[in-house]
Amino acid sequence: MTDRKFSSTDNNEFFESIQNALIEGIDDLKAGKKLTVRTAALPDPPPELAPKDIISLREKLKLSQQVFANLLNASVKTIQAWEQGRKKPSGPSLRLLQIARNYPEALISKQ
């Protein structure tokens with residue numbers, strides 16, 4: 001890495017990480033390395049599920065709440081709260097439920 005510095009009125013960690021990445025990229029270009037840019041299309045967010053949808057999914061998979069919880073790496077109390085509408089799944093849990101719904105074989109392996 002070179003000793004170049006950029007001036008900044010806001011010398012924080014975010015600026016420094018961008019600065020370092022730029023310096024590294026410039027050094028790589030000077031060294032003859034090829035830089036590439038990749039883009040990725042992000043999937044739509046998973047749909048929200050109503051309690052009846054979660055119950056229906058679990059029953060379609062023929063799983064008890066305990067086994068369903070184990071497969072989702074969740075507690076039985078969490079599954080019960082989702083099914084009773086006291087809590088809503090979000091983030092990674094919602095994505096995993098979407099995968100379970102669309103590709104149940106990904107959740108349940110037949111050994």
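When reading the values below, keep in mind they use all heavy atoms of this one structure, side chains included, and skip hydrogens, waters and symmetry mates.
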| request: Give, for atom CZ of Arg101 and atom CG of Leu94, the distance between the pair rounded to the nearest 0.5 Å. | output: 10.0 Å
| task | Check whether more than 12 heavy atoms from other residues, nucleotides or ligands sit under 6.0 Å from atom CG of Asn102, and answer yes or no. | result | yes
| field | Verdict with reasoning, Ile99 to Leu107, per side-chain contact (heavy atoms from CB on, under 4.5 Å) | value | CA-CA 8 Å; Ile99 292 168; Leu107 193 65; over 6 Å; no
| salt_bridge(Arg58, Glu83) N-O dist < 4.0 Å | yes
| request: Walk me through it: do Ile79 and Lys77 pass the test side-chain contact (heavy atoms from CB on, under 4.5 Å)? | output: CA-CA 5 Å; Ile79 301 301; Lys77 289 186 179 202; over 6 Å; no
| Distance from Lys87 atom NZ to Gln80 atom CD, nearest 0.5 Å? | 11.5 Å
| Taking atom CD of Glu48 as the centre, does the number of heavy atoms from other residues, nucleotides or ligands within less than 6.0 Å exceed 12? | no
| note | Exactly one candidate in Pro43, Ser90, Pro89 meets side-chain contact (heavy atoms from CB on, under 4.5 Å) with Arg95; the answer is Pro43
| Is there side-chain contact between Pro47 and Gln98, with at least one heavy-atom pair below 4.5 Å? | yes
| field | Trace of the side-chain contact (heavy atoms from CB on, under 4.5 Å) decision for Leu97 with Phe68 | value | CA-CA 10 Å; Leu97 286 167; Phe68 195 51; 3.7 Å; yes
| Can you tell me how far the CG atom of Leu72 sits from the OG1 atom of Thr78, to the nearest 0.5 Å? | 10.0 Å
| field | Rounded distance (nearest 0.5 Å) linking atom CG of Leu57 with atom CD1 of Ile54 | value | 8.0 Å
| From CG (Asn70) to OG (Ser64), nearest 0.5 Å | 8.0 Å
| What's the spacing between Ser75 OG and Gln66 CD if we round to 0.5 Å? | 9.0 Å
| message | Quick one, Leu63 and Leu71 - any side-chain contact, counting heavy atoms below 4.5 Å? | response | yes
| Taking all atoms of both residues into account, what is the closest heavy-atom pair of Pro51 and Gly85, and its distance? | CG-CA, 3.5 Å
| Does a donor on one side chain and an acceptor on the other come within less than 3.5 Å for Asn20 and Glu24? | no
